Amino acid sequence: MDLKNMTLRTRFAPSPTGFLHIGGARTALFCHLHARHYGGKTILRIEDTDRERHKQEAVDAILAGMHWLGMDPDEGPFYQSDNASRHLDVAEQLIVGERAYRCYCTKDELDQMRDEQRAKGIKPKYDGRCRNRTAPPSDDAPFVVRFLRPKVGEVVWDDKIQGEIRVRNDELDDLILVRSDGSPTYNLAVVVDDHDMGINLVIRGEDHLSNTPRQIQLFEALAWEVPEYAHMPLLHGSDGAKLSKRHGAVSVLSFRDDGFLASAVNNYLVRLGWSHGDQEIFTQEEMEQLFDVCEVGRSAAIFDSDKLLWINSHHIRDAHPEELLEELIIQLEKIEIYGVERDKLLEVIPEFQERSKTMVEMAAKVSFLFVDDLPVYDPAAAKKHMKVASLAPLTELANRLEAQPEWSLAAIEKVFKSILEAFDIKMGKLAQPVRVSLTGTATSPGIYETLYLLGREKTIARLRHGVEFLEEKAAFAT
RNA sequence: GUCCCGUUCGUCUAGAGGUUAGGACACUGGCCUUUCACGCCGGUAACAGGGGUUCAAUUCCCCUACGGGACGCCA
């Protein structure tokens with residue numbers, strides 16, 4: 001019967017104001033990982049009690065972000081606004097039970113009250129002047145429903161992350177449950193929904209810490225079981241302040257655009273506030289197996305893109321080429337390279353995994369293989385490596401490769417060796433001009449691999465072009 | 001202003017009453033090498049400050065400073 005003790009149920013409850021940013025993703029990740037670790041369920045609930053905020057594109061963007069990160073919820077999305085009538089019933093129940101009352105104060109009155117309180121240096125809060133009102137000021141006077149908070153005592157809970165927190169009840173005020181337009185507010189809705197959905201662990205940002213005692217008071221007033229709470233330290237921007245859209249907190253999906261892998265983003269986020277020995281690199285499975293929200297630290301972290309980059313490079317390296325295929329194709333299309341056969345890409349990817357910190361970088365590095373145009377030489381690379389002295393070896397290399405029937409790493413190597421011997425030069429003197437001729441740059445995978453992947457036709461053509469370049473240079477010199 | 005939370009290398013973190021305060025990113029010296037990258041070896045760099053408690057405190061307690069969050073008919 002007591003299902004709550006059998007299954008952990010936690011929820012991620014964003015408000016649909018925009019895309020899922022990195023801070024929100026971290027909260028969602030911690031919910032997801034903790035639930036997976038304990039075989040629990042995750043519920044996605046959209047907190048849209050403020051109707052102005054309900055934007056479908058925002059919901060879609062959040063869903064898309066979570067999907068990319070591999071955190072599709074087990075249940076939901078549910079919309080808080082769908083439960084409005086239930087919320088209002090509960091408010092009515094509280095009025096009947098004398099745990100809530102109608103308040104007729106106007107906004108102006110309240111503003112004035114808060115100003116006075118602030119001027120006196122005390123915490124602004126509703127002074128309860130309507131608590132004992134017996135009749136409305138007029139028949140059609142608008143009113144809100146306020147919670148009648150306990151006047152004495154304190155709220156105590158053992159936060160899974162923050163430890164024991166106590167707040168005196170007289171620090172809190174009579175919060176509004178129902179607005180004057182008859183709609184339920186967030187604090188009412190969360191409590192009712194968390195209860196109705198059987199949520200037994202609330203994982204959320206520390207910015208909700210001060211809501212928690214009020215919500216606990218509500219649970220208690222309704223004689224409902226209070227869930228457990230875990231308040232995560234916030235993620236800060238490089239200026240040390242809470243991450244927000246103003247601080248360049250962009251959609252998690254923009255990380256995908258920038259060539260980051262979902263597993264790397266998760267890996268980066270999980271290490272903010274949590275650690276497991278000296279381990280830095282975690283697979284998705286390891287995170288799900290090891291993460292426990294109770295082990296999360298209490299201090300805020302600052303987003304560091306260098307570390308993300310490093311973790312991403314590890315995930316790229318550790319991935320199977322198949323896992324990188326889709327992302328590479330996306331990035332290639334962005335630089336207008338279309339229709340490369342998948343098998344070809346699978347052959348190419350392993351040569352670039354160690355050399356790419358992002359998939360954007362990989363696409364850029366790989367691109368020379370797939371363009372038909374002859375490469376434009378990077379000036380610095382050409383200046384350093386395209387010397388007239390290389391003219392003869394390069395010419396001869398092109399000749400011998402052309403005469404070589406087999407196109408394999410071994411065959412290519414053999415030809416290279418024969419050139420080195422014939423001209424009595426070191427590898428560097430041959431490989432670098434070849435590299436520039438083939439790629440236009442001074443860097444690429446191993447030279448044999450580079451030729452092999454480029455293919456015979458393009459290799460010969462580009463070598464010949466390099467030879468022409470050197471001939472022209474020689475002509476100028478004389 | 002009031003309440004709540006925090007403070008170990010620049011950054012993410014480990015640590016525990018007795019450690020040469022550990023690891024990682026970044027930075028940096030070197031090795032490897034056909035380039036780049038990877039990898040390997042090394043270096044710089046931290047317990048916010050002041051009081052207690054204690055034989056001993058970075059670790060426990062208090063205060064201060066600094067930082068953050070919250071004080072809405074937003075969520």
Side-chain angles (χ1 to χ4, degrees), chain A residues 13-17 47-50 52-53 80 103 105-107 110-111 114 117-126 142-146 159 161-163 165-168 171-173 175-183 185-187 189-190 204-213 231 233-234 236 238 240-242 268 271-281 297-311 313-314 317 351-357 365 381 384-385 416 420 426-432 434-436 439 441-448 450:
Chain A
S15 63
T17 48
E47 308 274 30
D48 59 348
T49 50
D50 186 359
E52 283 174 33
R53 289 192 175 220
Q80 198 148 57
C103 166
C105 297
T106 63
K107 284 186 189 180
L110 294 173
D111 286 345
R114 276 191 282 263
Q117 287 165 332
R118 256 185 243 271
K120 277 193 246 169
I122 57 177
K123 189 175 186 169
K125 63 182 183 224
Y126 184 64
F143 63 87
V144 299
V145 177
R146 295 191 103 106
D159 197 277
I161 292 173
Q162 306 287 336
I165 298 187
R166 328 181 139 245
V167 180
R168 278 177 292 120
E171 278 296 330
L172 276 10
D173 67 356
L175 81 177
I176 292 173
L177 303 178
V178 181
R179 301 186 183 94
S180 53
D181 68 357
S183 64
T185 62
Y186 163 77
N187 277 299
V190 206
R204 58 185 6 171
E206 203 181 63
D207 48 342
H208 283 278
L209 202 57
S210 55
N211 286 322
T212 305
H231 287 92
L234 266 20
H236 289 174
S238 47
K242 179 180 168 182
Y268 174 70
R271 282 286 290 99
L272 261 29
W274 179 81
S275 63
H276 185 258
D278 286 340
Q279 188 170 349
E280 296 285 351
I281 304 299
R298 287 188 292 276
S299 54
I302 292 171
F303 184 82
D304 176 17
S305 51
D306 280 334
K307 182 89 177 261
L308 207 210
L309 220 40
W310 177 78
I311 288 177
S313 72
H314 269 272
R317 230 181 295 161
E351 289 302 326
F352 291 87
Q353 283 176 273
E354 292 202 329
R355 288 170 236 263
S356 310
K357 284 189 157 70
K365 289 192 164 161
K384 186 164 182 195
H385 301 295
F416 265 76
L420 296 185
K426 290 259 173 75
M427 187 56 157
K429 291 285 176 215
L430 182 59
Q432 283 310 84
V434 170
R435 220 180 301 266
V436 175
T439 72
T441 73
T443 70
S444 82
I447 198 67
Y448 309 140
T450 302

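Not measured: the values here are computed from a predicted model. Chain letters run A, B, ... following the sequence lines, proteins first and then strands; every chain starts at 1.
A/A189 approaches A/T49 most closely through the heavy-atom pair CB-CG2, 3.5 Å.
Proximity of a side-chain donor or acceptor of A/Y268 to a complementary backbone N or O of A/D304 within less than 3.5 Å is detected. Between the A/Q117 side chain and the A/K125 main chain, a donor and an acceptor come within less than 3.5 Å of each other. No donor-acceptor pair closer than 3.5 Å links the side chain of A/R317 to the backbone N or O of A/S356. Under the 3.5 Å distance criterion, the side-chain polar atoms of A/D159 are matched with a main-chain donor or acceptor of A/H231. Of the possible donor and acceptor atoms, none in the side chain of A/E280 sits under 3.5 Å from a partner among the backbone N and O of A/I311.
Among the atoms of the strands shown, only primed sugar atoms or phosphate atoms (P, OP1, OP2) are found under 4.0 Å from some heavy atom of A/R114. Among the atoms of the strands shown, none is found under 4.0 Å from any heavy atom of A/K120. Residue contacts shown for A/R271 include a base, since a base heavy atom lies under 4.0 Å away. Within 4.0 Å of A/Q162, counting heavy atoms only, lie sugar-phosphate atoms of the nucleic acid but no base atom. Residue-level contact check: A/S180 touches the bases, meaning some heavy atom is under 4.0 Å from a base atom. Note on A/C103: nothing from the nucleic acid sits closer than 4.0 angstrom, heavy atoms only.
There is a side-chain donor-acceptor pair under 3.5 Å between A/T450 and A/S444. The closest side-chain donor-acceptor pair between A/S183 and A/D181 falls under 3.5 angstrom.
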Distances for protein N or O near nucleotides 66-70 of chain B N or O, under 3.5 Å:
residue: B/G68; atom: O2'; partner: A/H236; partner atom: NE2; Å: 3.2
residue: B/G69; atom: OP1; partner: A/K242; partner atom: N; Å: 3.4
residue: B/A70; atom: OP1; partner: A/K242; partner atom: NZ; Å: 3.1
residue: B/A70; atom: O2'; partner: A/S210; partner atom: OG; Å: 2.4

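A donor and an acceptor atom never sit less than 3.5 Å apart when one is taken from the side chain of A/Q279 and the other from the base of B/G23.
Atom P of B/U58 sits at a distance of 15 Å from the matching atom of B/C9, rounded to the whole Å. Taking atom C1' in both B/U11 and B/U44, the straight-line distance is 15 Å, to the nearest Å. Look at the P atom in both B/C55 and B/G15: the space between them is 28 Å, to the nearest Å. For the P atoms, the distance linking B/A21 with B/C31 amounts to 31 Å, nearest Å. Remark: the separation of the P atoms in B/G68 and B/C61 is 25 Å, to the nearest Å. Separation of the P atoms belonging to B/U19 and B/A56 is 14 Å when rounded to the nearest angstrom. Nucleotides B/C12 and B/A48 are separated by 14 Å at their P atoms, to the nearest Å. Comparing the P positions of B/U59 and B/U7 gives a spacing of 12 Å, expressed to the nearest Å.
Between A/Y186 and A/H208, the ring planes lie tilted relative to each other; the angle falls in the 30° to 60° range.
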Mark up nucleotides 30-35 of chain B, 5' to 3', with B wherever a protein heavy atom is under 4.0 angstrom from a base atom, S wherever such an atom reaches only the sugar-phosphate, and - elsewhere. ----BB
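Remark: A/T212 OG1 to A/R204 CZ distance equals 4.0 Å, nearest 0.5 Å.
Of the nucleotides present, none pairs with B/U33 by Watson-Crick or G-U wobble criteria with both distances under 3.5 Å. Partner assigned to B/C71 is B/G1, using Watson-Crick or G-U wobble distances below 3.5 angstrom. Base-pair partner of B/A45: not found among the strands shown (Watson-Crick or G-U wobble, both distances under 3.5 Å). Pairing for B/U54 is absent, with no Watson-Crick or G-U wobble pair whose two atom distances lie under 3.5 Å.
Residue A/R317 has a polar side-chain atom (N or O) positioned under 4.0 Å from OP1 or OP2 of B/G39.
Nearest to the side chain of A/W310, among B/U11, B/C25, B/C5, sits B/C25.
For NZ of A/K365, the number of neighbouring non-hydrogen atoms (other residues, nucleotides, ligands) closer than 6.0 Å is greater than 12.
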